[in-house]
Each structure stands twice: as structure tokens, then as C-alpha cells.
Amino acid sequence: MTSPFPQKFPQTRLRRLRQSPWIRSLASEKALTPSDLIWSMVVHDGDEARIPVGSMPDMFRLNVTEAAKAAKKAAALGIPAIAIFPHINPSRKDDEGTEALNTDGLIPTVIKAMKDAAPEVGIICDVALDPFTTHGHDGLIDADGYVINDSTTDMLVRQALVQAEAGADVVAPSDMMDGRIGAVRDALEEAGHVNTMILSYAAKYASGFYGPYRDAIGSATALKGDKKTYQQNPANSDEALREVAMDIAEGADMVMVKPGLPYLDIVRRVSETFAIPTIAFQVSGEYAQIKAAGDRGWIDGERVMMETLLSFKRAGAAGIITYFAEQAGELLNA
Ligand code: PBG
């Protein structure tokens with residue numbers, strides 16, 4: 001790299017700026033604060049307070065009461081928002097995921113409980129059918145198992161309306177159907193939910209890093225095949241910009257890149273190209289990796305957790321959805 005500035009040793013010793021904590025702190029370009037964190041939380045519709053998730057050490061599915069308590073905790077830690085994901089009793093699943101439209105279902109119930117407990121905390125709801133379908137896909141499938149775009153979108157619109165009606169601040173379609181952002185926006189406007197925001201999972205890749213999540217929400221054993229006909233090819237980067245551009249044109253207020261760490265290049269490109277808050281999702285497999293190696297003493301888990309969270313900020317993310325939110329929030333408040 002050629003530089004217009006003189007950078008000659010010993011006039012320039014870059015280590016001067018690293019010699020002690022005060023100057024490292026003064027010269028730091030980025031900082032991580034609790035207000036950058038979005039708490040990724042899995043809720044369940046049973047009675048048990050906290051159910052451990054096997055593939056995600058120290059992660060629990062929470063019942064409604066615990067979720068409301070967690071919302072208070074988020075407020076106390078200065079964490080602005082919670083993203084909720086449901087684990088649905090298998091007896092309530094069907095091929096169409098109709099439980100997603102139940103106005104008295106788990107998600108509407110949790111939203112209300114959280115809003116009662118901590119009205120100042122933003123609630124972000126996943127819009128997709130996979131927690132509710134017997135086959136584990138994000139939408140409706142045809143006889144060949146292909147996810148049908150337009151009829152899925154109709155379902156997602158109805159699901160988003162149920163969430164908005166229950167008090168969700170943000171609806172976050174994670175399904176990757178074409179055209180669903182515009183359809184959801186139109187329906188929200190028509191229903192008078194003009195201030196309900198849309199966080200689009202705009203650049204979402206068909207990734208192996210979602211494995212533990214499917215375990216957490218109970219869709220792992222159900223899923224037939226993979227999601228490559230709707231989620232993006234990990235080889236592609238230009239395509240992410242087209243996805244984001246379309247979702248913004250259709251009315252997305254914020255966009256997401258997912259997974260997180262393996263796709264920091266996409267976070268950088270998206271945040272530089274579009275003047276819109278870009279959220280990175282540090283997904284379940286990223287959490288599991290750090291936890292597993294940390295628990296074995298192979299890495300310093302806490303240190304790596306904070307380093308990865310900061311790296312999202314460096315790449316240009318406005319916020320990070322993470323299963324580490326509570327732990328990182330506690331450290332940042334200490
Ligand atoms: C699906 C959805 C997924 C996640 C959030 N919403 C997984 C998938 O696409 O199969 C992943 C979250 C994680 O891995 O932490 N609608």
C-alpha cells in the first residue's frame with residue numbers, strides 16, 4: 001500500500017500508540033456498548049422455567065414468565081432490544097404452519113408479557129414459518145418439497161400482522177422469499193401499523209452455522225432437505241447487494257446480514273453501500289463454537305466473545321443480534 005504520509009522508522013513507531021491502556025483507549029477507533037446488542041432469545045410454550053439447549057451450552061429456552069423477567073434484565077443492562085424465537089410444541093405444528101397465525105399463540109403471549117414487564121425494550125419478531133411447520137421449512141412446500149414463493153408470502157403477511165397487533169415493535173422476515181418486504185409493508189400500512197418497523201433478513205445465507213438453532217427451536221429433526229433454493233449461496237457477495245437494494249426499495253427500515261463472523265465482508269459492503277442501519281446476526285453455530293472451545297480451555301471464551309462482538313462494529317454493523325447479549329451486557333456494565 002502506498003501512503004501519502006511519511007511512515008518511516010524511527011520517526012514513525014506505531015507501537016507508541018499501543019504502549020499503555022490510556023493511549024490505547026484514546027486511540028481506539030470503535031467501541032462496543034450495551035446499546036449495540038440485541039438479545040437473541042428462544043421461548044417455549046411449556047411450563048418449565050428454563051430448558052437447556054444441548055448444542056448451545058448456557059443457553060436456555062425460557063417460558064413466558066422467565067422471558068418477561070429477561071426483558072427487565074435487558075432494560076437494566078441497557079440492551080435496547082430482544083429478538084424472540086419460538087419453540088413450539090410439536091403437537092401444534094402442521095404442514096402450513098397455521099399456528100403462526102394464532103393470535104393467542106406463544107409469540108403474541110410473550111410479546112404482551114414482555115411489554116408489560118419492560119415497555120422500553122424493543123421487541124423484534126422473526127417472520128418465518130419454520131418453527132411452526134412439520135417439515136421445518138420457512139414456507140409452504142409443494143409435492144416436491146419446493147418452497148412456494150407467493151403463497152408463502154401471503155402467510156408471512158398474516159403472521160407479521162399478528163405480531164404487530166400483539167405489540168411487536170419490529171417484524172423481521174427471515175424467510176428469503178422474493179417480494180415479501182413490500183407485501184408486509186403494504187399490509188402494515190393498510191392495518192394502521194404505520195410505525196411498525198421492518199428489519200429485513202436481507203442477505204441471509206444457506207449456512208451450516210444454523211445447526212444449533214434448529215436444535216433450539218426444535219426444527220432440526222423435522223427439516224427435510226436444505227434451504228438452498230431460497231437462502232443465498234455462500235459464494236456470492238454482489239447478490240447480497242441486490243437483495244439489500246430490493247428490500248430497501250420495498251420498505252425495509254433496517255437490513256440484516258446473517259450469519260455474522262464468516263460474512264463480515266458482506267457487513268462491510270452493505271453498510272458502506274447503503275445508508276441504512278445494518279444489523280449482523282452472530283448465529284447459533286458461532287455461539288456454539290466459541291462456547292465449546294472456551295469450555296474446554298482451548299480459547300479464552302469470554303475474551304473471544306468480546307473480540308467477535310467488537311469486530312462486527314469495526315465492519316460497520318449498527319447492532320448485533322447475539323446469544324451472548326446477557327453475558328456481554330453484564331461485562332460491559334461491570
Ligand atoms: C429461520 C431462521 C433461522 C435462524 C433464524 N431464523 C435458521 C434457518 O434459516 O434455518 C437462525 C438463527 C441462528 O442460527 O442462531 N427462519
Side-chain angles (χ1 to χ4, degrees), residues 37-43 53-61 82-88 93 97 99-100 107 124-141 145 147 149 152-153 155-156 159-160 163 168 170-177 180-181 184 198-234 243 255-263 279-292 305 308-309 312 320-326:
L37 303 172
I38 298 170
W39 185 334
S40 187
M41 191 180 291
V42 177
V43 294
V53 178
S55 51
M56 301 177 73
D58 299 326
M59 236 304 275
F60 299 86
R61 296 177 197 138
I82 298 176
I84 47 176
F85 302 93
H87 177 282
I88 298 295
K93 297 186 185 186
E99 177 63 19
I107 289 294
I124 303 173
C125 285
D126 203 67
V127 181
L129 300 180
D130 55 320
F132 308 95
T133 52
T134 37
H135 47 73
H137 278 292
D138 290 24
L140 308 176
I141 54 173
V147 176
N149 196 87
T152 294
T153 298
M155 283 290 285
L156 299 173
Q159 180 185 22
Q163 296 169 348
V170 181
V171 293
S174 68
D175 54 286
M176 293 298 280
M177 296 304 111
R180 88 282 202 220
I181 298 301
V184 168
I198 300 178
L199 165 59
S200 167
Y201 285 68
K204 176 171 178 181
Y205 287 85
S207 172
F209 283 93
Y210 308 145
Y213 169 85
R214 293 177 187 161
D215 182 20
I217 66 154
S219 72
T221 45
L223 185 63
K224 292 183 183 63
D226 56 45
K227 300 189 176 182
K228 290 180 185 170
T229 68
Y230 44 110
Q231 298 177 346
Q232 272 188 249
N233 180 348
E243 281 284 0
V255 295
M256 197 195 300
V257 174
K258 174 183 180 189
L261 211 61
Y263 296 86
I279 308 295
F281 196 144
Q282 183 176 50
V283 300
S284 56
E286 300 176 60
Y287 173 91
Q289 281 187 323
I290 295 171
K291 272 288 177 187
M305 167 183 80
T308 55
L309 291 171
F312 291 112
I320 307 125
I321 304 190
T322 174
Y323 300 92
F324 285 125
E326 183 180 14

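One-based numbering along the sequence shown. A quick note: this is a predicted structure, and the numbers were derived from the prediction, not measured. Start at 1 and go down the list; that is how both ligands and their atoms are numbered. All values below come from the heavy atoms of this structure, side chains included, with hydrogens, waters and symmetry mates left out.
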*For the residue pair Thr308 and Glu286, confirm or rule out a side-chain donor-acceptor distance under 3.5 Å.*
no
*For ligand 1, indicate whether the residue Asp138 contacts it via side chain, backbone, both or neither (heavy-atom separation under 4.0 Å).*
side chain
[X]: numbered ligand 1 atoms lying under 4.0 Å from its heavy atoms:
X	result
Asp130	1 (C), 2 (C), 16 (N)
Asp126	6 (N), 16 (N)
Ala128	16 (N)
Tyr323	12 (C), 13 (C), 15 (O)
Lys258	2 (C), 3 (C), 4 (C), 5 (C), 6 (N), 11 (C), 12 (C)
Phe281	12 (C), 15 (O)

*For Tyr287 and ligand 1, answer yes if some heavy atom of the residue is under 4.0 Å from a ligand atom, otherwise no.*
no
*Please write down residue, atom name and distance for the protein heavy atom closest to atom 2 (C) of ligand 1.*
Lys204 NZ, 3.2 Å
_Which residue and atom name correspond to the protein heavy atom nearest atom 14 (O) of ligand 1, and how close is it?_
Ser284 OG, 2.7 Å
*Under the side chain to side chain contact (heavy atoms under 4.5 Å, CB included) test, which residues partner Ser284, sequence neighbours left out?*
Met56, Pro212, Tyr213, Tyr323
*Consider every N or O of Arg214 and every N or O of ligand 1, then say whether any pair is closer than 3.5 Å.*
yes
*Flag this pair as yes if the NZ/CZ of Lys204 is under 6.0 angstrom from the six-membered ring centre of Phe281 and inside a 45 degree cone about the axis; otherwise no.*
no
Return yes if some donor-acceptor pair links the side-chain N/O of [X] with the main-chain N/O of [Y] below 3.5 Å, else return no.
X	Y	result
Arg61	Ala216	yes
Tyr205	Val257	no
Glu99	Pro131	no
Ser40	Ala83	no

*For the residue pair Leu223 and His137, establish whether any side-chain heavy-atom pair is separated by less than 4.5 Å.*
yes
*Which one of Met176, Glu286, Gln231, His137 has a non-hydrogen atom at the shortest distance from atom 9 (O) of ligand 1?*
Gln231
